[in-house]
Number of protein chains: 2
Amino acid sequence: MQTDRWPGLELRHLIALRAIAAEGSFGRAATSLGYTQSAISQQIAALERIVGTRVVSRPGGPRRVSLTEAGRVLQCHAEGIDARLQAAYADVAALAAGSAGPLRVGTYQSVGARVLPTLLRRFGTAWPDVDVSLTESADDGELLALVECGELDVSFCVLPMPAGPFEAVELLRDPYVLVVPAGSPLARRVRPPTLSELVELPLIGYRQCRTALKVESHLRVAGREPRIVFRSDDNGTVQGLVAAGVGVALVPRLTVDASDPAIALVEPGGQIPPRLIGLAWHRDRRRSPAAAALVEEARAVCREFEGRTAAA
Amino acid sequence: MQTDRWPGLELRHLIALRAIAAEGSFGRAATSLGYTQSAISQQIAALERIVGTRVVSRPGGPRRVSLTEAGRVLQCHAEGIDARLQAAYADVAALAAGSAGPLRVGTYQSVGARVLPTLLRRFGTAWPDVDVSLTESADDGELLALVECGELDVSFCVLPMPAGPFEAVELLRDPYVLVVPAGSPLARRVRPPTLSELVELPLIGYRQCRTALKVESHLRVAGREPRIVFRSDDNGTVQGLVAAGVGVALVPRLTVDASDPAIALVEPGGQIPPRLIGLAWHRDRRRSPAAAALVEEARAVCREFEGRTAAA
DNA sequence: AGAGTCGATCATGCAGACTGATCGCTGGCC
DNA sequence: GGCCAGCGATCAGTCTGCATGATCGACTCT
């Protein structure tokens, strides 16, 4: 343990450092932690004595203090340690709940509608004791944040992931399709529309989805700004707007309910890279047998799913 | 910080837990930490009060204590936190040393002889202030352990790496070649020798190299046990033994000094996957500009190197 | 049954963490 | 230019709480 390098270092020192970084002042950090300014002053003094370097630069006078470079490095590691403690807490809590404990899964609409039903049904028969709880969000970054702080055990996500203490497996490649009204002339076309044709169309887009931004910037490569006539994060709404003739939508196939007679799907021409859907978990957390089984089951379900759509 | 989940938790509790896991007894853990048994007893009691679960199972009587499952989970996270603290220490120490500080690089013989000279020469002219110190080992696991505890900044390694808090880039693919004595009939063969022919030959192997084991098990697939007539970890020795006619050696091309007139190189037939050489660093440590530059320079050097050998 | 080993517990002593008050410094304001 | 407000450093005092040492109870092995 750190015994041999930084004897005397305590978590409370790192907590104080972090509070100072957040508040920009010893006094405010103190009140935010329920201490007095004097206590914080002494804690930082102790910390600096331990690490042997100044970690907070005090400009003097009524100016905000800031971390030195060493302080910033230290704070970064403090965040990592904090994350690890959160993971430990989540693990111990999960262990205390036992195998009957909840398995908390993050998901979003498209995955939820297509692969989750099958997955949950199969998993439920294999692990009847585990009760799965779902958390849905339109933005997978939000879900990953919950995974990071231990409030979710696994979560669907779009690959590549933002940086963080995560591990993930790729589940399936979800190609983009163009959703058009059923009667549209586009639906009868033989040649797929090119990227530059796509840019000309009135598009219905998402509001805050990370993948949607990527697709739009992809369209932008064609030279012109895509014309987004409406934004919604609800797949049903997007599809309904297309059916109503408001515009067309370039969306991952999984988000589409293909049985809707009011719309038709068109393969877009330009090579738009498919959306990669994965299943992610906390790198540093213990993988419970149930969670591991869920991941395996999800892979199996998605393999079948891809096989089916490829055959169709 | 953990303030909000486990108030009162201190590093010393985790240290005590770890000592108990290592020693198997409160008393021995106490003496190993310089405490009394009573103190350890109270620390574990406090820890269990904080996390809300028993973390050490005390069988009673003169039997070894052991960690409960929760305890083991906690200890695993404690190791991670310890590693993070070591990384923090290394980072702060490196920062204190300034840009003139040492850049400690782990390497092994073959890389050292072929790519390091060029790399160091170029890096030295670009970063004259940085003094690079080298640590050599025949086993890259040893080097990675030094990276993990912060005593090396970057290290060459063979991919895929053992698990650990590492990141790495692939530098080059190093194909295996068969080293035979210069006069050997093998050197004049047109068709490359097959795997099953290789197994028949007297082989000179390595002693403790992780990659060597992989190659030998690869040969074993051919059905028969390869006949290792001698083992050495020194590339020069291996090559000398081949030259002396003791046997032949199946080694990565980088380890061979091709200018030696006493030996000849033969392309082996069976598809032996090439050795992948990478450069690894600690995932959680700050990448100093010098270290990042070294990595980039190494990639450049190896790209050229591969181009040259591919052309030859 | 007795000896020996181990952890739990209790009273005690003490280090060190926090408090509250005070001082010195700096920048902004009149 | 002088005053004031805000900030951190410092110091003495208090008190929490950690470690100590002795003792007790539990258990195993002989």
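Only heavy atoms go into these numbers, but all of them, side chains included; no hydrogens, no water, no symmetry mates. So that the names make sense, note that chain A is the first sequence line, chain B the second, and so on, each numbered from 1.
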Without placing hydrogens or testing angles, list every side-chain donor-acceptor pair under 3.5 Å for residues 58-65 of chain B, not counting sequence neighbours.
unit_1	atom_1	unit_2	atom_2	d
Arg58(B)	NH1	Glu48(B)	OE1	3.4
Arg58(B)	NH1	Glu48(B)	OE2	2.9
Arg58(B)	NH1	Val56(B)	O	2.9
Arg58(B)	NH2	Glu48(B)	OE1	3.2
Arg63(B)	NE	Gly60(B)	O	3.3
Arg63(B)	NH2	Pro59(B)	O	2.9
Arg63(B)	NH2	Gly60(B)	O	3.3

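- Within the 4.0 angstrom heavy-atom criterion, no nucleotide atom of any strand lies near Arg64(B).
- If you check the side chains of Glu136(A) and Thr107(A), you find no donor sitting under 3.5 Å from an acceptor.
- Side chain of Ser137(B) to backbone of Asp140(B): no donor-acceptor contact under 3.5 angstrom is found.
- Note: CD (Glu48(A)) to C1' (dG8(D)) measures 12 Å, nearest angstrom.
- A donor and an acceptor atom, one from each side chain of Thr68(A) and Ser57(A), are nowhere located under 3.5 Å apart.
- Distance alone, capped at 3.5 Å, is enough to place a donor-acceptor pair between the Arg104(B) side chain and the Gly150(B) backbone.
- For the pair Leu33(B) CG and dA19(D) P, the computed distance is 10 Å after rounding to whole Å.
- Atom CZ of Arg58(B) and atom P of dC24(D) are 22 Å apart (whole Å).
- Residue pairs satisfying the salt bridge (charged side-chain N to carboxylate O under 4.0 Å, His left out) criterion with at least one member in residues 279-288 of chain A, sequence neighbours excluded, are listed as follows: Arg84(A)-Asp284(A), Asp91(A)-Arg285(A), Asp153(A)-Arg285(A), Glu167(A)-Arg287(A), Arg286(A)-Glu69(B).
- Atom-to-atom, CZ of Arg28(A) to P of dA5(D) comes out at 18 Å; the value is rounded to the nearest Å.
- Between Ile44(B) atom CD1 and dC6(C) atom C1' the separation is 15 Å, expressed in whole Å.
- The side chain of Ser25(A) places an N or O atom within less than 4.0 Å of a non-bridging phosphate oxygen (OP1 or OP2) of dG8(D).
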Can you build the contact string for nucleotides 10-24 of chain C? Use B for base contact, S for sugar-phosphate-only contact, and - for no protein heavy atom under 4.0 Å.
B------SBBB----
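- Less than 6.0 angstrom separates the ring centroid of Trp6(B) from the ring centroid of Tyr89(A).
- The side chain to side chain contact (heavy atoms under 4.5 Å, CB included) check on Ala83(A) picks up nothing, with sequence neighbours excluded.
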Could you write out each protein N or O paired with an N or O of nucleotides 26-28 of chain D at a distance under 3.5 Å?
unit_1	atom_1	unit_2	atom_2	d
dC27(D)	O3'	Arg63(B)	NH2	3.1
dT28(D)	OP1	Arg63(B)	NH1	3.4
dT28(D)	OP1	Arg63(B)	NH2	3.1

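- We find that CZ of Phe26(B) is positioned 21 Å from P of dC24(D), with the value rounded to whole Å.
- Listed by chain and number, the residues in a side chain to side chain contact (heavy atoms under 4.5 Å, CB included) with Ala168(A) are Leu159(A), Met161(A), Ala280(A) (sequence neighbours excluded).
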